[in-house]
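One structure is given here, and the rest of the page talks about it.
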Amino acid sequence: MSARRNLLVVLSLLVLLHVYIGLRLMPDLDLGLPGMLAGTVFLLLSTLLVPVGLLSSSLRRRRWSEQLTWVGLLAMGLFSSLLVLTFLRDLFLLAAALAGFGSMMLNYYSALGVPLLALAVTIVGFVNARRVARVVRVDVPIDDLPEALHGYAIAQISDIHVGPTIKRPYLDAIVERVNGLGADAIAVTGDLVDGSVARLSAHTQPLARLAAPDGAFFVTGNHEYYSGAEEWIVELRRLGLTVLLNQHVVRERGGASLMIAGVADFSAHHFNPAHRSDPQAAAAGAPPGLAVRILLAHQPRSATAAAAAGFDLQLSGHTHGGQFFPWNLFVPLQQPFVAGLHRVRRLWVYTSRGTGYWGPPKRFGAPSEITLVRLVPA
């Protein structure tokens, strides 16, 4: 009953927001009766399609379901931009009116600009989302780094979200690029999938080709827990990845030791109490004399506990860098960092913008990335 009530609230809100867009734009565009009817039909279709996008990962796979998913997710992305731009236009017109610059011409051209700009952002965002992520190179200065570990490199991929619109060819291209970097180790920092093993195992097979001298490692993200984390852990181990659930491994270079640890997602205990994220437990039993301690943690907000546990570097994702405006403005409400390299006491935290995308195939102002993190002497 609660789920049905929540769905009804969401649908009601979607209807009201589409009505708001229509009332604020169509009268100023002077469309005439045919144009008003076309605009109304478009908004009605959008109202029906956006819920399809929201529920895309749970849609049953039937004839036309994949095509419907694509249309629903594209509509979801376009609606988001339409809504934001309509609201910004209202703020702009209010400021113009208060300044004495309001006019019918300004109303017309600003109303025309909103759907055109929303469409342009959606198209550019689609191209950005669907191309193979660029490589971002990040040097992390480490105090007293032994010479044998100078330049030690970890290739990080995160938040790929294999699922409704991200399939095997997309992941194939990512694996090809990661392997071409020649990193010492590979880190997959969560939110790999949006769907069950039964539905997506054929599309995650390219992960078996990930290759690095010190191994490929995985930690769970929140979306793994929406998708059956226990089954995915088994499947990823079958593919050859080392899954770190509050655990660590030690690797050596020329007599210098480095620890790579991993924790379950920050919210994992809500789904499985045995998976409670614990950096202290991840480091427990580590040998003395470690030169560098690295933690893989899906959410940046693990950083405070990681710093207290004595880690030097944390690699995270989760935020997508906001993925597209204006959602980047809301990330700080939940996470300490949106993207990039930051410091918490003596701990470095690198937050990836993600290698894929979630929901709408759209990235604008937050490009996807494959990160090559190198350790360098401070």
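In what follows, every heavy atom counts, from backbone to side chain, and hydrogens, waters and symmetry copies are set aside.
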Looking at Phe364 versus Phe324, is the centre-to-centre ring distance below 6.0 Å? no

Looking at CG of Leu341 and OH of Tyr350, how far apart are the two atoms once the value is rounded to the nearest 0.5 Å? 8.0 Å

Can you give me the closest heavy-atom contact between Thr371 and Glu369, atom names plus distance? OG1-OE2, 2.6 Å

Heavy-atom check, side chain of Leu236 versus side chain of Leu192, under 4.5 Å: yes

Is a donor on one side and an acceptor on the other found under 3.5 Å between the side chain of Asn246 and the backbone of Ala282? no

Roughly how far, to the nearest 0.5 Å, is CD1 of Ile294 from CD1 of Ile154? 3.5 Å

Answer yes or no: are there more than 12 heavy-atom neighbours, outside Trp327 itself, under 6.0 Å from its atom CH2? no

Could you tell me whether a side-chain N or O of Ser80 sits under 3.5 Å from a main-chain N or O of Met76, the two making a donor and an acceptor? no

Is the shortest side-chain heavy-atom distance between Leu74 and Pro361 below 4.5 Å? yes

Distance in Å, Glu235 CD paired with Phe218 CZ, rounded so as to fall on 0.5 Å steps: 11.5 Å

With a 6.0 Å cut-off on the ring centroids, do His275 and Tyr225 count as close? yes

One should read off an interatomic distance between Leu244 CG and His248 NE2, to the nearest 0.5 angstrom, of 9.5 Å

Tell me whether the NZ or CZ atom of Lys362 lies within the 45° cone about the ring axis of Phe126 and under 6.0 Å from its centre. no

Is the ring centre of His18 less than 6.0 Å from the ring centre of Phe79? yes

Arg353 with Asp159: basic N within carboxylate O range, under 4.0 Å: no

Is any side-chain heavy atom of Ser158 less than 4.5 Å from a side-chain heavy atom of Val188? no

Give a yes or no answer on whether the side chain of Arg253 reaches the backbone of Ala256 with a donor-acceptor pair at less than 3.5 Å. no

Between Asp191 and Glu224, is a side-chain contact (heavy atoms from CB on, under 4.5 Å) present by the stated rule, with each step listed? CA-CA 6 Å; Asp191 279 9; Glu224 273 70 57; 4.1 Å; yes

Going by chain and number, the hydrophobic cluster around Val349 (ILVMFWY, side chain to side chain under 4.5 Å) further includes Val250, Met259, Val263, Leu290, Leu295, Phe311, Phe337, Val344, Leu347

Joint cluster assignment, Phe87 & Leu13, ILVMFWY side-chain distance < 4.5 Å: yes

Begin with the C-alpha distance, continue with both residues' side-chain angles, and end with the deciding distance and a verdict on side-chain contact (heavy atoms from CB on, under 4.5 Å) for Arg177 and Val135. CA-CA 8 Å; Arg177 185 159 291 184; Val135 176; 3.9 Å; yes

hydrophobic_cluster_shared for Leu83 and Leu29, side chain cutoff 4.5 Å: yes

Under 6.0 Å between the ring centres of Phe271 and Tyr226? yes

With a 6.0 Å cut-off (strictly less than), is the heavy-atom count around CG of Asp30, excluding the residue itself, greater than 12? no

Check for a donor-acceptor pair, side chain of Asn107 on one end and backbone N or O of Asp28 on the other, with a separation under 3.5 Å. no

Ion pair Asp184/Arg251, N-O distance below 4.0 Å: no

State, to 0.1 Å, how close Asn222 and Ser267 come at their nearest heavy-atom pair, and which atoms those are. CB-OG, 3.9 Å

Just by distance, no angles: are the side chains of Ser110 and Arg89 close enough, under 3.5 Å, to form a donor-acceptor pair? yes

Residue pair Leu313 / Val292, side-chain heavy-atom distance below 4.5 Å: no

Leu207: which of Ile174, Val178, Leu171, Ile186 passes side chain to side chain contact (heavy atoms under 4.5 Å, CB included): Leu171

Taking side chain as C-beta onward, heavy atoms only, is Val243 less than 4.5 Å from Val219? no

Residue pair Ser368, Thr355: steps toward the side-chain contact (heavy atoms from CB on, under 4.5 Å) verdict: CA-CA 5 Å; Ser368 56; Thr355 314; 5.6 Å; no

Between the main-chain N or O of Trp232 and the side-chain N or O of Arg237, is there a donor-acceptor pair closer than 3.5 Å? no

Distance col, row Ile157:CD1 vs Ser352:OG, nearest 0.5 angstrom, shows 9.5 Å

Give the table of side-chain donor-acceptor pairs shorter than 3.5 Å for residues 137-148, with sequence neighbours excluded, one pair per line with atom names and distance.
unit_1, atom_1, unit_2, atom_2, d
Asp139, OD1, Arg374, NE, 3.0
Asp139, OD1, Arg374, NH2, 3.3
Asp139, OD2, Arg374, NH2, 3.1

Exam field: side chain Thr319 to backbone Gly322, donor-acceptor pair closer than 3.5 Å: no

Tell me whether the count of non-hydrogen atoms from other residues, nucleotides or ligands lying under 6.0 Å of CH2 in Trp358 goes above 12. no

Between the side chains of Asp90 and Tyr20, is a donor N or O closer than 3.5 angstrom to an acceptor N or O? yes

Examine Ile260 and Leu181 and state if one hydrophobic cluster contains both, with Ile, Leu, Val, Met, Phe, Trp and Tyr joined whenever side-chain heavy atoms are less than 4.5 Å apart. no

Could you verify whether a donor N or O on one side chain and an acceptor N or O on the other, from Gln156 and Thr189, lie under 3.5 Å apart? yes

Taking the side chain as every heavy atom from C-beta outward, state whether Ser46 and Val50 have any pair of such atoms under 4.5 Å apart. yes

ILVMFWY network linking Leu91 to Leu25, side-chain heavy atoms under 4.5 angstrom: yes

Closest contact, heavy atoms only, Leu11 versus Pro51: CD2-CG, 3.5 Å

List the steps and the verdict of side-chain contact (heavy atoms from CB on, under 4.5 Å) for Leu49 and Leu68. CA-CA 8 Å; Leu49 286 169; Leu68 188 61; 4.1 Å; yes

Could you pull out the closest heavy-atom pair between Val338 and Asn328, with the gap in Å? CG2-O, 4.2 Å

Closest contact, heavy atoms only, Arg168 versus Ala202: NH1-O, 3.2 Å

Decide if the gap between the ring center of His320 and the ring center of His161 is smaller than 6.0 angstrom. yes

Distance in Å, Gln205 CD paired with His203 NE2, rounded so as to fall on 0.5 Å steps: 10.5 Å

Just by distance, no angles: are the side chains of Tyr357 and Thr165 close enough, under 3.5 Å, to form a donor-acceptor pair? yes

Does any N or O in the side chain of Ser316 come within less than 3.5 Å of the main-chain N or O of Ala297, such that one atom is a donor and the other an acceptor? yes

Taking everything shown except Gln334 itself, do over 12 heavy atoms lie less than 6.0 Å from its CD? yes

Do Tyr152 and Asp214 have side chains that get closer than 4.5 Å, going by heavy atoms? yes

For residues Thr220 and Ala264, report the shortest heavy-atom separation together with the two atoms involved. OG1-CA, 3.4 Å

Consider only side-chain heavy atoms of I, L, V, M, F, W and Y, link residues closer than 4.5 Å, and tell whether Phe92 and Met104 are in one cluster. no

Are the side chain of Arg5 and the backbone N or O of Leu8 linked by a donor-acceptor pair below 3.5 Å? no

N/O donor-acceptor pair under 3.5 Å between Ser81 side chain and Ala118 backbone: no

Pro300 versus Pro336: any side-chain heavy-atom pair under 4.5 Å? yes

